[in-house]
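Below is one structure; the comments refer to it alone.
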Amino acid sequence: MSRAFVFPGQGAQTIGMGRDLAQAYPAAKAVFDEVDEALGENLSSLIWEGEQDTLTLTQNAQPALMATSLAAMRALEAEGVDLAQTAEFVAGHSLGEYSALAAAGALSVADAARLLRLRGRAMQEAVPVGEGAMAAVLGLDLEAVTEVAAEAAQGEVCQAANDNDPGQVVVSGHRDAVERAVDIAKERGARRAMLLPVSAPFHCALMEPAARAMAGALAEVEIAAPVRPVVANVLADTVTDPDRIRALLVEQVTGRVRWRESVEWMGAHGVTEIWEIGAGKALSGMVRRIDRAIACRAVGTPGEVTEAAASLHA
């Protein structure tokens, strides 16, 4: 059995995530402590006891989700699971790519936390609130949604931002253009098309100021070769070279998240099981819709950690 570890992106955050891991595994608690120290604030208190609206702010959600994923990874390691021996590939959805890189030893947890805090702030500040939007289109494929976005743009930005699975593509750009895309998509036969409750238009050309900010920050950070190849969002293919990883993380800010293609690539390269490490099960649902031959396992609680570890010896 060939296995990949994948790491969730924004939207998976919930108050209380990772607390049971921190209570059960000292190594998991150490991850949250390290993130708190790196950011100079008690983010773990917000994650476990704060308000959902505050946690959902992009600058908080991004490092919080990474911390939760790495806590689950450390719990797995405490149960004897070695990523390099257990997974052929790692991948993450948008910010989850930073979690994948940290899990695979390419980034330190502290650097990943600081980069994601900056990334969240830079993405939020790139476009004035209310000027951008994102919308999910269900029931049309990437080609159809790309045509919808092009027609809706009318001189503004409107792009396919997330190709999540065969029937779910997210568009991003100027609010008026995205609203036009919603109407056009419905006319073209979309099962549903609706604006998303997000604070900025991620993964489109409007994020260029954030990409510049990330280029500067990433230039100052040490990146090592990961112990396992990372299936990069914007490539839907593997990368191991640190300089290439750095460049792709910048490109990722404005580029499309090619999640469907990434999962298809892993399936074509022998992956038969995917473990979703961290909060939620959204990626598992996407994987099932992309390739039903790939088995999925969520690993985000102490019980799931012990079951996953035990499955390796079954």
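Values in this document were obtained by computation on a predicted structure and should not be read as measured data.
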Problem - Under 3.5 Å donor-acceptor, R192 side chain and L138 backbone - result: no
Handout entry: Minimum side-chain heavy-atom gap R289-Q168 below 4.5 Å
Key = yes
Handout entry: Side-chain (T56) to main-chain (D53) donor-acceptor, under 3.5 angstrom
Key = no
Problem - Verify same cluster id: V253, V171 (apolar side-chain graph, 4.5 Å) - result: no
Problem - Flag side-chain contact, heavy atom, 4.5 Å: N164 against H93 - result: yes
Practice task
Show your reasoning for whether side chain to side chain contact (heavy atoms under 4.5 Å, CB included) applies to S99 and L70.
Solution key: CA-CA 7 Å; S99 305; L70 267 292; 4.1 Å; yes
Completion exercise
Nearest heavy-atom contact between E79 and A309 is CB-CB, 3.7 Å
Completion exercise
dist E273:CD -> M266:CE (nearest 0.5 Å) comes out at 13.0 Å
Exercise for the section: State plainly whether one hydrophobic cluster holds both I184 and V170, where clusters connect Ile, Leu, Val, Met, Phe, Trp and Tyr through side-chain heavy atoms under 4.5 angstrom apart. Expected result: no
Handout entry: Minimal non-hydrogen separation, G132 against P201, with atom names
Key = CA-CG, 3.8 Å
Exercise for the section: Could you go through the side chain to side chain contact (heavy atoms under 4.5 Å, CB included) check for T238 and W265 one step at a time? Expected result: CA-CA 9 Å; T238 52; W265 187 96; 3.3 Å; yes
Handout entry: Pairwise side-chain contact, L55 with I47, heavy-atom cut-off 4.5 Å (strictly under)
Key = yes
Exercise for the section: Would you kindly say whether E88 and S2 are connected by a side-chain donor-acceptor distance under 3.5 Å? Expected result: no
Handout entry: side chain to side chain donor-acceptor pair (under 3.5 Å) contacts touching residues 194-223 (sequence neighbours left out)
Key = T58-S199, S94-H203, Q124-S199
Handout entry: Nearest non-hydrogen partners of L248 and V234, listed with the distance
Key = CD2-CG2, 3.6 Å
Problem - Side chains of P166 and R260 in contact at under 4.5 Å (non-hydrogen atoms) - result: yes
Fill in the blank from the handout: Separation between CE (M134) and OG (S172), nearest 0.5 Å, reads 4.0 Å
Problem - N162 versus W259, side-chain donor and acceptor atoms under 3.5 Å - result: no
Exercise for the section: Rounded to the nearest 0.5 Å, what's the gap from NE2 on H174 to CD on E131? Could you check? Expected result: 6.5 Å
Handout entry: Which atom of F32 lies closest to which atom of G18, heavy atoms considered
Key = CE1-O, 3.7 Å
Problem - Separation of M123 CE from T254 OG1 (nearest 0.5 Å) - result: 9.5 Å
Exercise for the section: Spell out, yes or no, whether V257 and L140 are grouped together once hydrophobic residues are joined by side-chain heavy atoms under 4.5 Å, including indirect joins. Expected result: no
Exercise for the section: Applying side chain to side chain contact (heavy atoms under 4.5 Å, CB included), run through L65 and M17 and close with a yes or a no. Expected result: CA-CA 9 Å; L65 285 161; M17 64 183 183; 3.9 Å; yes
Problem - Nearest atoms (heavy-atom pairs only) where V178 meets A135 - result: CG1-CB, 3.6 Å
Handout entry: Donor-acceptor under 3.5 Å (T240 side chain, P229 main chain)
Key = no
Practice task
Please tell me if the side chains of Y98 and L249 come closer than 4.5 Å, counting only heavy atoms from C-beta onward.
Solution key: yes
Exercise for the section: Would you mind checking if R74 and E34 are paired as a salt bridge, meaning a charged N to carboxylate O distance below 4.0 Å? Expected result: no
Exercise for the section: Without swapping roles, check the side chain of N233 against the backbone of G92 for a donor-acceptor pair under 3.5 Å. Expected result: yes
Practice task
Answer whether the closest heavy-atom distance between the side chains of P63 and L39 falls below 4.5 Å.
Solution key: yes
Handout entry: Heavy-atom side-chain proximity of D176 to R180 below 4.5 angstrom
Key = yes
Problem - Donor-acceptor contact present, side-chain R228 to main-chain V90, <3.5 Å - result: no
Handout entry: Donor-acceptor under 3.5 Å (Q52 side chain, I15 main chain)
Key = yes
Practice task
Evaluate the side-chain proximity of V6 to M286: yes if any heavy-atom separation is below 4.5 Å, no if none is.
Solution key: no
Practice task
Step by step, work out the side chain to side chain contact (heavy atoms under 4.5 Å, CB included) result for V299 and L76.
Solution key: CA-CA 9 Å; V299 187; L76 282 170; 3.9 Å; yes
Practice task
Give a yes or no answer on whether the side chain of E276 reaches the backbone of L283 with a donor-acceptor pair at less than 3.5 Å.
Solution key: yes
Fill in the blank from the handout: CZ (R119) and CG (L95) are apart, to the nearest 0.5 Å, by 6.0 Å
Practice task
Would you tell me whether D20 and T301 have side-chain atoms, one donor and one acceptor, within less than 3.5 Å of each other?
Solution key: no
Problem - Greater than 12 external heavy atoms within 6.0 Å of E41's CD - result: yes
Exercise for the section: May I ask you to decide if the ring planes of W275 and F5 are parallel, tilted or perpendicular, using 30° and 60° as cut-offs? Expected result: parallel
